[in-house]
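Labels below follow one simple rule: chain letters A, B, ... track the order of the sequence lines, proteins then strands, and each chain is numbered from 1.
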2 protein chains.
Amino acid sequence: MERRERADAARNRRAILAAAEELLREHPPEEVSVERVAVAAGVGKGTVFHRFGSRIGLMQELMSERAHALEQAVVDGPPPLGPGAPAGERLVAFLDAVVAMAARNAGLIAAHEHARLTQKAGGGTRLANPIYVSWHRHVSALIAEARPDVDADLAAHVLLGTLHTQPIGSLLLSGESARVAATLGDLARGLLGDAGGPLRGT
Amino acid sequence: MERRERADAARNRRAILAAAEELLREHPPEEVSVERVAVAAGVGKGTVFHRFGSRIGLMQELMSERAHALEQAVVDGPPPLGPGAPAGERLVAFLDAVVAMAARNAGLIAAHEHARLTQKAGGGTRLANPIYVSWHRHVSALIAEARPDVDADLAAHVLLGTLHTQPIGSLLLSGESARVAATLGDLARGLLGDAGGPLRGT
DNA sequence: ATATTAACTGGACCAAAGGTTCACTTACGA
DNA sequence: TCGTAAGTGAACCTTTGGTCCAGTTAATAT
């Protein structure tokens with residue numbers, strides 16, 4: 001018979017995630033070692049690795065929790081985020097939503113990036129991050145739909161990759177996410193050849 | 001009297017730089033430890049740190065060598081890279097040149113990024129990298145000149161930060177720099193509201 | 001209730017890498 | 001030739017991601 005997760009394991013898993021979340025909210029990622037998370041959660045280091053495989057695994061689990069809501073809104077939700085609106089509008093709406101999410105989790109994103117670079121295996125492509133992949137696919141598809149003549153795949157990497165970048169990361173941390181959303185919107189509209197151009201607000 | 005660099009020190013410095021360059025050309029950055037560079041250069045690890053201060057210091061020295069030529073072309077050289085051409089043209093020309101340089105040194109850029117994330121101090125902003133700062137200032141100024149209404153500072157970060165991003169990095173490594181240059185050009189032209197829009201080639 | 005078992009646990013342990021120390025050596029000016 | 005500041009490099013330190021494994025325990029079968 002299929003055994004489900006043991007009660008104690010589930011409790012510890014939640015304790016670890018909560019501890020990591022809290023530590024990342026109050027400390028820069030490079031100060032949040034796996035061991036420290038384990039201590040804060042009241043478990044041994046081995047347990048953390050047993051459950052999450054690696055530092056990256058832990059970060060990814062945290063990311064997934066957060067990304068799930070956005071994912072649903074895109075697939076099922078009402079326009080302009082969900083299906084139904086024109087591609088251009090959906091793209092801008094999605095970028096807004098992603099920036100908002102990134103702003104709320106700037107520390108976590110930085111930590112994930114930190115973990116990725118710290119790891120040994122060179123194979124640690126960002127394409128191994130399922131969340132990034134799904135976001136990229138979405139943005140890329142929207143761009144291609146609106147402008148079949150541009151390199152949608154690459155443009156999507158530029159727009160999304162920005163969020164993993166340090167100068168933008170610190171802006172998000174300092175609460176200037178509106179600027180980031182506006183600029184990404186300008187770039188996207190410009191790329192799609194929107195007649196209004198990058199002028200915003202006017 | 002002012003003493004200049006000792007002959008043996010100069011010899012070792014060049015040996016270290018050459019060894020690092022060679023190793024980075026043939027191995028992914030996370031496999032090129034400072035110690036390995038030292039061994040390849042035939043010196044002790046302490047010497048490397050004495051000369052360059054840290055892993056980042058070493059990488060930055062290598063970058064500077066490469067960036068110097070481009071710097072000159074921008075300040076002194078003929079248009080459209082140098083002064084004289086309209087801002088929009090200078091911007092596109094500069095992005096082309098930067099992408100070309102990044103393509104030639106993709107391994108080095110990845111290594112620098114790797115070093116930055118590995119270091120302890122949280123203060124390791126990218127703004128501590130003088131080359132990035134000068135590039136950013138240039139791009140930002142050009143954008144502001146052409147379109148005073150957009151957030152030039154941030155747009156410049158998006159355009160340049162892209163080059164430090166992993167998906168784009170691997171494209172550069174695999175020789176697809178033309179795509180990268182084209183897409184950055186599309187984005188820049190779109191942002192500047194160029195009538196031609198992002199259509200290229202047509 | 002008891003036995004069985006597979007999953008869970010956690011602290012000791014390991015290796016890699018950046019960085020520091022310091023006694024020793026050496027190039028260079030006087 | 002001599003004094004010295006600069007240069008050198010091997011041993012050592014520390015941190016951290018990750019592994020090991022012997023002991024523990026929750027869930028299931030009898």
>> Please give me every residue in residues 32-40 of chain B whose heavy atoms get under 4.0 Å of an atom in DNA chain C, ordered by residue number.
In response: B:S33, B:V34
> Does a sphere of radius 6.0 Å around CD in B:E65 hold more than 12 heavy atoms from other residues, nucleotides or ligands, not counting ones at 6.0 Å or beyond?
Replying inline: yes
> Between D:dT14 atom C1' and A:E30 atom CD, what is the distance in whole Å?
Replying inline: 16 Å
> When you look at CD of A:E35, are more than 12 heavy atoms from neighbouring residues, nucleotides or ligands closer to it than 6.0 Å?
Replying inline: no
>> How many whole angstroms separate atom CZ of A:F52 from atom P of C:dT9?
In response: 10 Å
> Picking from D:dT25, C:dA27, D:dG9, which would you name as closest to the side chain of B:V43?
Replying inline: D:dG9
> Where along residues 7-24 of chain B does a heavy atom fall under 4.0 Å from DNA chain C?
Replying inline: B:A7, B:D8
> Donor-acceptor pair under 3.5 Å: do we get one between B:K45's side chain and the base of C:dG18?
Replying inline: yes
> Roughly, in whole Å, what's the span from NE2 in A:H50 to C1' in D:dC21?
Replying inline: 13 Å
> Taking all non-hydrogen atoms of both residues, which atom of B:P167 and which atom of A:Y132 are closest, and how far apart?
Replying inline: CG-OH, 4.0 Å
>> Measuring from the side chain of A:R55 (C-beta onward, heavy atoms only), which nucleotide among C:dG19, C:dC8, D:dG18 has the closest atom?
In response: D:dG18
> What residues form a salt bridge (charged side-chain N to carboxylate O under 4.0 Å, His left out) with B:E176, not counting sequence neighbours?
Replying inline: B:R179
>> Under a 3.5 Å distance rule, please check whether A:R13 uses its side chain to pair with a backbone N or O of A:R51 as donor and acceptor.
In response: no
> Is a side-chain donor or acceptor of A:T183 paired with a backbone partner of A:V180 at a separation under 3.5 angstrom?
Replying inline: no
> What is the distance, rounded to the nearest whole Å, between atom CZ of B:F49 and atom C1' of D:dG9?
Replying inline: 13 Å
>> Rounded to whole Å, how long is the line connecting atom CD1 of A:I56 with atom C1' of D:dG18?
In response: 13 Å
> Does NE2 in A:H68 sit with more than 12 non-hydrogen atoms of other residues, nucleotides or ligands closer than 6.0 Å?
Replying inline: no
>> Using only atom types and a distance under 3.5 Å, with no angle test, would you say the side chain of B:R90 pairs donor to acceptor with the backbone of B:V74?
In response: yes
> Has A:T47 got a side-chain N or O lying under 4.0 Å from the OP1 or OP2 atom of C:dC8?
Replying inline: no
>> So if I take every side-chain heavy atom of A:R6 and compare against D:dG17, D:dT8, C:dA6, which nucleotide ends up nearest?
In response: C:dA6
> Can you find a heavy atom in the side chain of A:M63 that is under 4.5 Å from one in the side chain of A:I109?
Replying inline: yes
